[in-house]
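Down below is the structure, laid out as structure tokens.
Numbers restart at 1 for each chain; the letters A, B, ... are given by sequence-line order, proteins then strands. All figures in this text were calculated on a predicted structure; none of them were measured in a lab.
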Amino acid sequence: MGFNDRVYEIVRQIPEGKVASYGQIAYMTGSWRASRAVGYALHNSPHHAKLPCHRVVFKDGRLTTGFAFGGKDVQRDMLEAEGVVFTADGRVDMIKCCWSTQEAPGAGD
DNA sequence: AGATTGACGCGAA
DNA sequence: CTTCGCGCCAATC
């Protein structure tokens with residue numbers, strides 16, 4: 001399970017207050033198209049308890065509906081508690097919360 | 001080995 | 001803006 005393990009390692013690196021899209025993770029695994037495989041991996045996550053899978057959302061910033069943690073509302077609450085910003089659309093503010101592998105260059109201006 | 005599915009992503013209508 | 005369809009990858013039957 002190289003791919004699967006790879007996904008876990010990446011998701012684990014997601015800091016609080018930030019979110020990553022399946023496509024983003026898929027890209028890091030080496031398979032930029034394996035967005036579906038990423039979700040599949042998380043679904044099978046053997047250590048999902050320690051994986052911030054709730055920080056993994058759609059490209060649109062939308063959350064997974066009905067499959068996770070008990071509901072997207074719960075996931076949203078978790079993300080907000082982490083510091084993730086949400087828009088009036090009920091979606092994650094990917095503009096500010098899109099996770100990047102690169103550390104903040106200005107360290108917060 | 002072939003067919004099917006699934007926490008996706010994007011283009012087109 | 002919403003809905004439909006196709007492609008992608010990996011895992012499972």
Side-chain angles (χ1 to χ4, degrees):
Chain A
M1 294 196 191
F3 179 84
N4 208 281
D5 185 63
R6 175 97 39 206
V7 175
Y8 305 146
E9 290 296 290
I10 295 167
V11 175
R12 260 160 68 170
Q13 292 173 78
I14 304 178
E16 298 179 27
K18 294 237 176 155
V19 294
S21 58
Y22 296 93
Q24 179 65 58
I25 297 168
Y27 188 85
M28 295 155 128
T29 57
S31 308
W32 66 292
R33 314 232 151 163
S35 46
R36 316 180 65 159
V38 173
Y40 192 93
L42 290 176
H43 177 79
N44 289 280
S45 25
H47 20 235
H48 63 88
K50 56 185 309 185
L51 287 177
C53 34
H54 57 263
R55 293 183 196 151
V56 186
V57 299
F58 279 65
K59 265 290 192 64
D60 303 277
R62 256 195 293 216
L63 310 173
T64 51
T65 46
F67 299 84
F69 333 110
K72 52 183 175 251
D73 297 284
V74 180
Q75 188 176 5
R76 175 166 59 174
D77 183 71
M78 292 163 65
L79 291 168
E80 290 187 285
E82 295 276 291
V84 176
V85 185
F86 274 75
T87 66
D89 299 279
R91 301 192 299 212
V92 180
D93 192 329
M94 300 300 284
I95 312 299
K96 298 191 295 193
C97 300
C98 60
W99 177 48
S100 182
T101 53
Q102 300 296 299
E103 292 298 310
D109 72 340

Rounded off to whole Å, could you give me the [atom1]-to-[atom2] distance for the [X] and [N] pair?
{"X": "A/Arg91", "N": "B/dG9", "atom1": "CZ", "atom2": "P", "result": "13 Å"}
{"X": "A/Leu63", "N": "B/dA7", "atom1": "CG", "atom2": "P", "result": "15 Å"}
{"X": "A/Asp5", "N": "C/dA10", "atom1": "CG", "atom2": "C1'", "result": "14 Å"}
{"X": "A/Tyr27", "N": "C/dC9", "atom1": "OH", "atom2": "C1'", "result": "16 Å"}
{"X": "A/Tyr40", "N": "C/dC8", "atom1": "OH", "atom2": "C1'", "result": "15 Å"}
{"X": "A/Tyr22", "N": "B/dA7", "atom1": "OH", "atom2": "P", "result": "9 Å"}
{"X": "A/Ile25", "N": "C/dC9", "atom1": "CD1", "atom2": "P", "result": "17 Å"}
{"X": "A/Met28", "N": "C/dA10", "atom1": "CE", "atom2": "P", "result": "17 Å"}

Which is more 5' along DNA chain C, the nucleotide nearest A/Arg62 or the one nearest A/Ala34? Just name the residue. A/Arg62

More than 12 heavy atoms of other residues, nucleotides or ligands under 6.0 Å from CZ of A/Arg62: is that the case? no

A/Phe86, CZ: over 12 other non-hydrogen atoms inside 6.0 angstrom: yes

Is there a donor N/O on one and an acceptor N/O on the other, under 3.5 Å, for the side chain of A/Arg36 and the base of C/dG7? yes

Can you work out whether A/Ala37 or A/Phe58 has the more 5'-proximal nearest nucleotide on DNA chain B? A/Ala37

Does one hydrophobic cluster hold both A/Leu63 and A/Val56, with members joined at side-chain heavy-atom distances below 4.5 Å? no

From the list C/dA10, B/dC8, B/dA7, which nucleotide is the closest neighbour of the side chain of A/Ser35? B/dC8

Member of A/Val38, A/Val11, A/Ile10, A/Val7 meeting the side-chain contact (heavy atoms from CB on, under 4.5 Å) criterion with A/Met28: A/Ile10

Working note: A/Glu9 + A/Arg12, criterion salt bridge (charged side-chain N to carboxylate O under 4.0 Å, His left out); need CA distance, chi angles, decisive distance, verdict. CA-CA 5 Å; A/Glu9 290 296 290; A/Arg12 260 160 68 170; 3.4 Å; yes

Hey, does the side chain of A/Ser21 come within less than 4.0 Å of B/dC8's phosphate (OP1/OP2), counting only N and O? no

Counting just side-chain N and O atoms, does A/Lys59 come under 4.0 Å of either OP1 or OP2 of B/dC8? no

